[in-house]
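Each chain gets a letter, A, B and so on, in the order the sequences are listed, and its residues count up from 1. Worth saying up front: this structure is predicted, and the values here are computed from it rather than measured.
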2 protein chains.
Amino acid sequence: MAVPERGARERMVFSAAQLIRRDGVAATGMREVAAHAGAPRGSLQHYFPGGKEQLVNEAVEWAGRYAADRVARFLAALPEPTPSGLFAEMVRQWTDEYESVGFAGGCPVAAATVDCAESTASTRAAVAEAFATWTAPVARALTDMRVPEERAAALATLMVSALEGAIVMARAERDIRPLTTVARELGPLLDAAMIQDG
Amino acid sequence: MAVPERGARERMVFSAAQLIRRDGVAATGMREVAAHAGAPRGSLQHYFPGGKEQLVNEAVEWAGRYAADRVARFLAALPEPTPSGLFAEMVRQWTDEYESVGFAGGCPVAAATVDCAESTASTRAAVAEAFATWTAPVARALTDMRVPEERAAALATLMVSALEGAIVMARAERDIRPLTTVARELGPLLDAAMIQDG
DNA sequence: CGCACGCTATGACAGCGGTCATAGTAAGTG
DNA sequence: CACTTACTATGACCGCTGTCATAGCGTGCG
C-alpha cells in the first residue's frame, strides 16, 4: 500500500482530465482514457469500481489540487508579489499554452461543471470542492499581500471567475485576447485593494 | 416565406438551447429535443438536414441574439444608465433564475464551447460569433455612457468573461454568491471608466 | 381528378457507450 | 507446492445515438 502508486492508476486520472478538458465529459470514453494513458482496459474496473463517475470525480479533484499548487509556484516566481502579478501569472499559464500548443483544451473543472452539474450529484460536489481548493490559496496569497480578509475572498472569486470566462471566450475565438484583456483591466483593481501604510 | 415560421422549427431550436445549457451538447439527444419541443421526430431531418451540428449551431446563434437583445432591455430598465448598473442587471438575470427555478441551467454558448470547440469546427465558429454578437451591444452601451471606445471593448469582454465564469462557479457551488460578488467588485471599476466632464 | 409539395411517421441500421462476467497471469507467502 | 492477492484480458450485453430510407398524410393548385 505504501507508494506502489505511481503507475497506471494515476496516469488514467491524469488522462481523464486531459481528455475531459478537450472534449467534455460525455464525449470522453472510458476505453479512450485507458488508451490515452497507455493503461490496460481491464484496470479500469479494478481501480475505479465506481465507474466513470468515480474516474471523472477524481480527475476533477486532481485538477483542483493542480490549480492550487500552481498558485504557490506563481508566487514563488514573482520577484515582488502583488495581486496583479499573481493574476497575470495565472493568465499567462493559459496564454502560454494556447500560443504554444493551440486552443484544444479548456479547464477540466469548468467542463465537468457544464456537463454534470445537473445530471450527476457527486460530480457537482467534486467541482464545487475543486473551485474551493483552488480559490483558497489565491485568497490566502492576497491576505499575505495586505488585502483585507473579506475583500481577499471576494477578489479571489473574481479572479477565478474572470479567468474561467476568459478561457471559454479565448477557445471560442481562438485568440488569447480575452485573456490578456482581462489581466490588463483587472490588474489595477486588484492592486488597489492592498492596504497602504507609511 | 413571410412569417410562416413560428412553429415547430423555432421551438426545436429553443428547446435545443434549453437542453444544451442544462446537460451539455453531447448529452442532449435529437429525439429528446423533439420531445421537449412537442415536435414530431420526423421534422428533425426535414428542418435540419445538416443534422445535429446544424441544430446545435442554430441554438447557439439563437442564444447569442437573445443575450444581445437583453442588453437593450436592461438599458431601458435603468433609470440612469451606468456601466455598473448594466452589469448588475446582466448578473441579476442569472441570480433571479437561480433563486426562482434552481441551478439546473448554465449558458448554452459556454456549454457548446466546452463540448465542441475542438471537435466541431462550425460550432466553434458559431460560438465565437455568438460571443461577438453579445459583446458588441455591451461595448456600444459603454461608449454611449462616455467610456472611451477601446476601453469599452475591453470592459465588455471583461464583463462577459466575469459573468460566464461566475455562472460556472455558481452552478458548481449551487450558490449565487460568485455572481453577486463579481457584480459588487467589478462595479466601481466599470463606473470609473466613464469620462467625467464639468 | 391528378399531381405536387410540405410535413410527418416509423422502422431499421450501424456504431459506440459503460458495465458486467469470467477467466487468466504474475508475484509473493505459508 | 498450494494459496492468496493484485492486476490484466476479453468478450458479451444492452441501451442509446445520429442518420437514413421509405412511406404516408393533407392541402392547394391546375
Side-chain angles (χ1 to χ4, degrees), chain A residues 1-20 22-60 111-112 115-116 118-123 126, chain B residues 1-20 22-60 111-112 115-116 118-123 126:
Chain A
M1 192 75 88
V3 199
E5 203 92 302
R6 203 185 13 211
R9 205 199 125 98
E10 201 179 15
R11 289 205 314 276
M12 283 192 280
V13 172
F14 176 78
S15 288
Q18 290 276 107
L19 294 173
I20 287 169
R22 185 165 76 189
D23 302 317
V25 171
T28 297
M30 299 286 273
R31 292 166 171 85
E32 191 186 359
V33 170
H36 183 276
R41 183 162 81 85
S43 300
L44 280 171
Q45 91 181 265
H46 181 71
Y47 289 119
F48 308 96
K52 185 175 188 177
E53 189 170 335
Q54 181 186 356
L55 177 58
V56 170
N57 293 356
E58 292 200 24
V60 167
D115 280 353
C116 306
E118 188 59 15
S119 61
T120 316
S122 71
T123 303
Chain B
M1 190 75 85
V3 201
E5 202 93 306
R6 210 202 349 230
R9 205 199 125 99
E10 201 179 15
R11 289 205 315 276
M12 285 192 278
V13 172
F14 176 78
S15 287
Q18 290 275 106
L19 295 173
I20 287 170
R22 186 165 75 188
D23 301 318
V25 172
T28 296
M30 300 285 274
R31 291 166 172 86
E32 191 185 359
V33 170
H36 183 276
R41 183 162 82 83
S43 299
L44 280 171
Q45 88 181 267
H46 184 257
Y47 288 119
F48 307 96
K52 186 177 188 176
E53 190 170 334
Q54 181 186 356
L55 177 58
V56 170
N57 293 355
E58 292 200 24
V60 167
D115 280 353
C116 307
E118 188 60 15
S119 61
T120 316
S122 71
T123 303

Could you state the [atom1]-[atom2] distance from [X] to [N], rounded to the nearest angstrom?
X	N	atom1	atom2	answer
A:L44	D:dG11	CG	C1'	15 Å
B:E53	D:dG18	CD	P	13 Å
B:R9	C:dC7	CZ	C1'	14 Å
B:Y47	C:dC5	OH	C1'	13 Å
B:H46	D:dA23	NE2	P	18 Å

Taking all atoms of both residues into account, what is the closest heavy-atom pair of [X] and [Y], and its distance?
X	Y	result
B:A112	B:V60	CB-CG2, 3.6 Å
A:D115	A:V25	OD2-N, 2.7 Å
A:N57	A:T123	OD1-OG1, 2.6 Å

Without placing hydrogens or testing angles, list every side-chain donor-acceptor pair under 3.5 Å for residues 29-40 of chain A, not counting sequence neighbours.
unit_1 : atom_1 : unit_2 : atom_2 : d
A:E32  : OE1    : A:G29  : N      : 3.2
A:H36  : ND1    : A:S15  : OG     : 2.7

Report task. Treat primed atoms plus P, OP1 and OP2 as sugar-phosphate and everything else as base, then score nucleotides 21-27 of chain C 5' to 3': B for base contact with protein heavy atoms under 4.0 Å, S for sugar-phosphate contact only, - for none. Result -> B------

Collect all protein-nucleotide pairs involving nucleotides 24-27 of chain D in which both atoms are nitrogen or oxygen and the distance is under 3.5 Å.
none

**Report entry** Closest to side chain of A:K52, choosing from D:dT8, D:dG18, C:dG18
**Finding:** C:dG18

Query raised in the report: Can you name the residues that form a side chain to side chain contact (heavy atoms under 4.5 Å, CB included) with A:F48, not counting sequence neighbours?
Result: A:R9, A:M12, A:V13, A:L44, A:Q54, A:L55, A:E58

Query raised in the report: When you check the side-chain N and O atoms of A:E53 and A:T120, is any donor under 3.5 Å from an acceptor?
Result: no

Report task. With rounding to the nearest 0.5 Å, note down the distance linking CD in A:E118 to CG in B:L19. Result -> 11.5 Å

Report summary line: Here the residues of residues 13-20 of chain A within 4.0 Å heavy-atom distance, strictly under, of DNA chain C are none

**Report entry** Selection: residues 31-43 of chain A, any non-hydrogen atom under 4.0 Å of DNA chain D
**Finding:** A:R31, A:P40, A:R41, A:G42, A:S43

